[in-house]
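Below, each value reflects all heavy atoms present in this structure, side chains not excepted, and no hydrogens, waters or symmetry copies. Chain identifiers are assigned alphabetically (A, B, ...) following the order of the sequence lines, protein sequences preceding nucleic acid strands; residue numbering begins at 1 within each chain.
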Amino acid sequence: MFFKKKIQVLNPFEGEVVSLDTLPDPVFAQRMMGDGVAVLPVNNRCISPADGTVVTVFPTRHAVVVRTKEDIEVLVHIGLDTVSLKGEGFENHVQPGQKVKAGDLLITFDREAIAQKKSLLSPVIITNLDEKKARIETARGRGLFEVVI
Amino acid sequence: MLAKVVTIRNKTGLHARPATLFAQEAKKSESNVWMTKDDKKINPKSLVNILTLGIKGGDQVTIEVENEDQETLDHLAKFLENLQD
């Protein structure tokens, strides 16, 4: 018998969810990085989408990876092409190696300043679905989506 | 084991997009591949492993390939040097 486990991934932002298909960057739209969705944030907070460990915060603080205890990697990327802002407008509140609970504050960002220069569409991607032979499904309740392993 | 030191030329370093492209390229190799920056050594067939190195433009990394696979080493070194922002 095959037992399937479902991991809830929360929305790390408050905001509308859109398909990766709509993003102009093929790395996201073509799922080269992995599968997921994008969110258009309506405030300046990025919280942890799951219980886990912070694996890395980008040097420019515009993206973060959290690994769950099931070894699922969730990459949260704030905005598109925001690497070119060189960290300006982003403040991180966690360090690599730190344990986090779903809902803990990871990064705050100056939403309005960033929106003047870049798209704020923020991909939330599971980067190791293939390796884990996992897939994502629409979530019930307040989840963003579920990872089925 | 063959090794080569590569300087990252694209200004923004190995952030999400270039790191994704490099991980895809590394995955195509049947040989084991390693990537080292400072004293941290990772398997670059995982995007997230690459991201943990926090590689910036101008940084030097060492690529190692097992099985005396010179072709893979040369290809991956060249791929890294030619990555765009």
Side-chain angles (χ1 to χ4, degrees), chain A residues 20 23-36 38 52-68 71-88 90 92 95-98 118 121-132, chain B residues 6-63 66 72 75-76 78-85:
Chain A
L20 291 179
L23 302 191
D25 187 334
V27 166
F28 294 117
Q30 294 173 17
R31 273 68 171 179
M32 289 164 74
M33 201 176 288
D35 206 356
T53 305
V54 176
V55 182
T56 186
V57 180
F58 282 31
T60 41
R61 304 188 291 278
H62 66 285
V64 57
V65 178
V66 173
R67 181 179 283 140
T68 73
D71 206 24
I72 293 295
E73 300 162 347
V74 191
L75 182 147
V76 183
H77 193 284
I78 303 171
L80 295 174
D81 193 35
T82 36
V83 67
S84 60
L85 300 177
K86 298 176 182 159
E88 201 176 316
F90 297 93
N92 63 308
Q95 298 300 327
Q98 191 174 330
K118 297 289 172 189
L121 280 170
S122 299
V124 182
I125 308 284
I126 308 299
T127 55
N128 62 345
L129 286 173
D130 290 351
E131 183 194 318
K132 295 289 160 193
Chain B
V6 179
T7 302
I8 303 302
R9 293 184 184 163
N10 73 311
K11 280 194 305 234
T12 51
L14 262 62
H15 60 96
R17 186 182 327 107
T20 297
L21 298 176
F22 186 65
Q24 285 201 331
E25 214 55 35
K27 271 186 219 169
K28 292 178 189 168
S29 163
E30 286 177 14
S31 309
N32 284 327
V33 180
W34 303 99
M35 187 175 197
T36 307
K37 188 194 138 200
D38 302 329
D39 54 356
K40 197 168 174 193
K41 185 169 180 172
I42 57 101
N43 174 357
K45 294 183 184 186
S46 150
L47 161 66
V48 168
N49 285 351
I50 299 174
L51 294 176
T52 61
L53 295 183
I55 298 164
K56 300 178 189 137
D59 282 351
Q60 284 195 331
V61 299
T62 303
I63 300 294
E66 285 182 348
T72 296
H75 173 69
L76 291 178
K78 196 171 171 192
F79 192 89
L80 266 184
E81 285 175 343
N82 290 329
L83 279 171
Q84 306 290 311
D85 286 336

query: Got a second to check how far A:T56's OG1 is from B:N49's CG, nearest 0.5 Å?
result: 10.5 Å
query: Given side chains that start at C-beta, do those of A:V83 and B:R17 come closer than 4.5 Å, heavy atoms only?
result: no
Under 4.5 Å from a heavy atom of chain B, the part of A:L75 involved: side chain
field: Contacting moiety of B:K45, where chain A heavy atoms sit under 4.5 Å
entry: neither
message: To the nearest 0.5 Å, what is the distance between CD on A:E131 and CG on B:L47?
response: 11.0 Å
query: Does any heavy atom of chain A fall under 4.5 Å from the side chain of B:L51, the backbone, both, or neither of them?
result: both
message: Just so I understand: if I count every heavy-atom pair under 4.5 Å between each of B:V48, B:T12, B:T52 and chain A, which residue has the most?
response: B:V48
message: Rounded at 0.5 Å granularity, tell me how far OG1 in B:T20 sits from CZ in A:F28.
response: 7.0 Å
field: Engaged part of A:V55 at the chain B interface, taking heavy atoms whose separation is under 4.5 Å
entry: both
query: Do you know which of B:H15, B:K56, B:Q24 has the most heavy-atom pairs with chain A at a distance under 4.5 angstrom?
result: B:H15
statement: Honestly, the part of B:L21 sitting under 4.5 Å from a heavy atom of chain A is side chain
